[in-house]
Amino acid sequence: MPTEPAAHGRPMVELRRVSMSFGRLRVLNDVSLTVSRGEMVAIIGPSGSGKTTLLRCINFLAEYDGGEVLVDGETVGFRLENGRRIRRTEREIAATRSNIGIVFQSYNLFPHMTVLRNITAAPIRVKGVSPEEAEARARALLSRIGLLEKADELPVNLSGGQQQRVAIARALAMQPKVMLFDEVTSALDPELVGEVLAVMKSLADDGMTMVVVTHEMQFAREIANRIVFMDEGAIVEEGDPKRLFSAPATERLRAFLKRYRESYLLS
Amino acid sequence: MLLDVLIGNLGYLLRGAVVTVGLAAATVVPSAVIGMVLALAKVFGGMGVRAVVDVYLYVIRGVPLLVLLFFMYYALPYSGIDMPPLVGGVLVMSLYFGAFMAEIFRAAILSLPRAQWDAARSLGMRRRLLFQIVIYPQVFRLAAPPFVNTCILLVKSTSLVSIISLWELTLAGREVAERTFAPLQIFGGVALIYFVLCYGLSRYGLYLEERMRFAH
Amino acid sequence: MNAFVARYLSVFLDGALVTVELALAAIAIVIVWGLVVAVARLSRVRGLAALAGGYIQLMRNTPLLVQIYFIYFGFAMAGFGLSGFASGLLALCLQNGAYAAEIYRGGLQSLSVKQIEGGRALGMTPWLTFRIVVLPQAVARVVPPLGNQFVLILKDTSIVSAIAVGELTHVGKLLSERTAATYEIFFVLAAFYLVMTSIVTTLVRLNERRVALLV
């Protein structure tokens, strides 16, 4: 069980009644969620439930229509002025994003850059870190995830699991306040999943605030401080992992877990 | 068949070949720039911009290059624009091939996985940096094989400027053939020189294609 | 502008007619000749495949204009001179036949062995499989790029003007030298070519499906 997060103090991530529609489809329906500093929240749910969209709202890759998103007290994407929503400037949005780390399901790394350059490019060009320090930081991160010897390789020569680990290192190199994970193991061969989850676990142990969209129920149950179950654009149930998985309160979660267990048992 | 006429005039023809290469080289860069601008306009532009680009592409793809060259050659003196025909020729060819480059670049841009854009933006990169270090390098690598193949067409098309009296390999060949009455030898030799130039480019294009296969 | 067009319209139409004749003849020949070359290229007879391959490379890497000059002036010097129209037609067919052959080759080769195996597994004879599984797909794959090649043939007819064949571009050139109405001439030429190429493109697009069904 990871360290208990700070229950008091300003939350790291706050989603207040966030809504979003694609045309007539309501993808997110008045979703509210708070993530405390150092907390690891796992979001589970069927495909189409809006969990990926919710994640992408946090760093404004998805431009939500209603509600507010705050990271470390600052509104993301929009700011309120006299009750009116005003879109933030590109510069502000980019600055906010540079403090939020995100890892995607696939095609994370820039294929034309070496592993080292993948990790150092943004710190140097976006945050103005000196090349020497950026490289030192990168090598430290690579060492930590056990891939230092791959520093000068191109991504195409790495396995899927190695690429995802490098993607995590790249996001960490920006020294983010919160890390977002969008089904980062879903596209991996089963035997490569473990190495990625191990890195995520060590991040959680170190107290990083994490929001993880995942299908890895076992991992979520063991590592997360809190589980959030989403369906059809809304949070249906949330709470302590042990309790949620063993005694789901809502019928929908029960059905979801049943389907999951059945497919898991069969495979 | 004796080739002494050809061999005797080979130096002259080769000088023409140098001009041909120069013409092609001078056209490649502007047409690539035009092509990229048009591609970006088509991918990111609003409806109005895209419509203008579509009209341009429609006209360029429907009208023969020679007609465009003639227009430049005959119309320019009347417009009062004091541009040497050589520059005009390169300009017309750049505008022409830029249209074909546009489709190549557009396809390359669209083939980039969305996660590349997402990842770059998520790292806090703004538009200029994003394009500079993530998008352009990949687009050029992706577009390289068809780009090189278009360059072959470009080299062949430089022969058309001979019709508007710009001196290059084909015109040199015509001059020699008329003088020596040995068209088979001379034009055969001219064809051979073009072949060497273009075949070399096509091998380079194949090499690039091979490299691409290992990159993804 | 209107006065100019009215005065010279018949001249332009004559030129356009020659263009169309040239283009249609070349297209018809290339459809067949390209297939012949493609089959030769894919044949198991090594010499034939190499010959076809060499021909394709030669055509793809030499300009049409040089080929036209070679045929027109060269054959005349050798004793069996061809008319401008014939020389132009021959050059157009040789050059574009090579590109068409590559298109055919691409279409034929892109069909996987699996398709044929699938057909055999269902109990179809190789010929039946070829006719109802392989060929329609090959045709569908080949028609769009071939259609594009037809447009290129049409545009290439303009190059035949270099040996004074009276097609549209040549007409335009002569009029440019005689009158000062360059802009008008260009617009008329452009309009003619755009109409012609648009017709070809539309015809190909409309018939894409029909050709596949026909087969």
Side-chain angles (χ1 to χ4, degrees), chain A residues 52 55-56 58-63 89-113 117-129 154-157 163-164 166-167 170-176 178-184 187, chain B residues 32 35-36 39-41 43-47 49 104-148 204-216:
Chain A
T52 291
L55 196 75
R56 292 165 68 92
I58 299 176
N59 78 339
F60 208 55
L61 278 184
E63 308 205 1
T89 64
E90 290 306 312
R91 189 147 55 95
E92 289 172 323
I93 295 173
T96 310
R97 288 196 182 126
S98 63
N99 292 322
I100 303 172
I102 187 167
V103 184
F104 303 98
Q105 193 171 331
S106 50
Y107 298 117
N108 275 292
L109 301 180
F110 304 131
H112 58 293
M113 296 186 196
R117 182 146 181 257
N118 257 281
I119 302 177
T120 59
I124 295 174
R125 301 295 294 265
V126 175
K127 286 207 157 163
V129 174
L154 286 175
V156 69
N157 296 322
Q163 287 182 31
Q164 290 299 68
V166 172
R170 180 178 69 177
L172 289 174
M174 297 291 277
Q175 298 180 328
V178 56
M179 284 283 286
L180 309 174
F181 295 84
D182 188 3
E183 297 195 36
V184 301
Chain B
M36 182 58 90
L40 290 171
V43 174
F44 299 109
M47 254 176 53
V49 171
I104 293 174
F105 287 134
R106 190 178 79 98
I109 292 172
L110 292 176
S111 74
L112 283 179
R114 185 171 160 216
Q116 289 289 299
W117 298 88
D118 287 346
R121 284 159 68 205
S122 300
L123 288 166
M125 291 190 204
R126 293 175 61 196
R127 205 172 302 157
R128 192 191 293 179
L129 182 64
L130 194 160
F131 273 93
Q132 190 187 331
I133 72 174
V134 174
I135 305 300
Y136 286 141
Q138 292 191 63
V139 167
F140 283 121
R141 279 173 176 77
L142 280 169
F147 183 85
V148 170
Y204 183 58
L206 277 175
Y207 162 73
L208 286 177
E209 244 172 275
E210 277 303 309
R211 259 187 54 178
M212 290 292 306
R213 215 164 291 168
F214 294 121
H216 280 279

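Convention: sequence-line order gives letters A, B, ...; per-chain numbering from 1. Model, not experiment: these values are computed from the prediction.
Between B/Met125 and A/Val126, the shortest heavy-atom contact is CG-CG2, 3.8 Å. Here the closest non-hydrogen pair linking A/His112 and B/Val134 is CE1-O, 3.6 Å.
With a 4.5 Å cut-off on non-hydrogen atoms, A/Ser106 touches chain B through its backbone but not through its side chain. Of the two parts of A/Ile100, only the backbone, made up of N, CA, C and O, holds a non-hydrogen atom closer than 4.5 Å to a non-hydrogen atom of chain B. For chain B, the nearby parts of A/Phe110 are the backbone and the side chain; heavy atoms of each come within less than 4.5 Å. Of the atoms belonging to A/Arg91, heavy atoms from both backbone and side chain fall under 4.5 Å from chain B.
Contact of the A/Arg117 side chain with the B/Ile133 side chain is registered, since non-hydrogen atoms from C-beta on lie closer than 4.5 Å. Considering only heavy atoms from C-beta on, B/Arg121 comes within 4.5 Å of A/Arg97 through its side chain.
Your options are B/Ser122, B/Pro113, B/Ala115, B/Ala119, and the one with the most heavy-atom pairs under 4.5 Å with chain A is B/Ser122. Between chain B and the options A/Asn99, A/Leu109, A/Leu154, the largest number of non-hydrogen pairs under 4.5 Å is found for A/Leu109. Counting heavy-atom pairs under 4.5 Å between each of A/Glu90, A/Lys127, A/Arg170, A/Gln105 and chain B puts A/Arg170 at the top.
Residue-environment remark: OH (B/Tyr204) stays at or below the threshold of 12 foreign heavy atoms within 6.0 Å.
Separating the CD1 atom in A/Ile124 from the CG atom in B/Leu129 is a distance of 11.0 Å, to the nearest 0.5 Å.
A distance-only check finds a donor-acceptor pair linking the side chain of B/Gln116 to the backbone of A/Tyr107 [under 3.5 Å].
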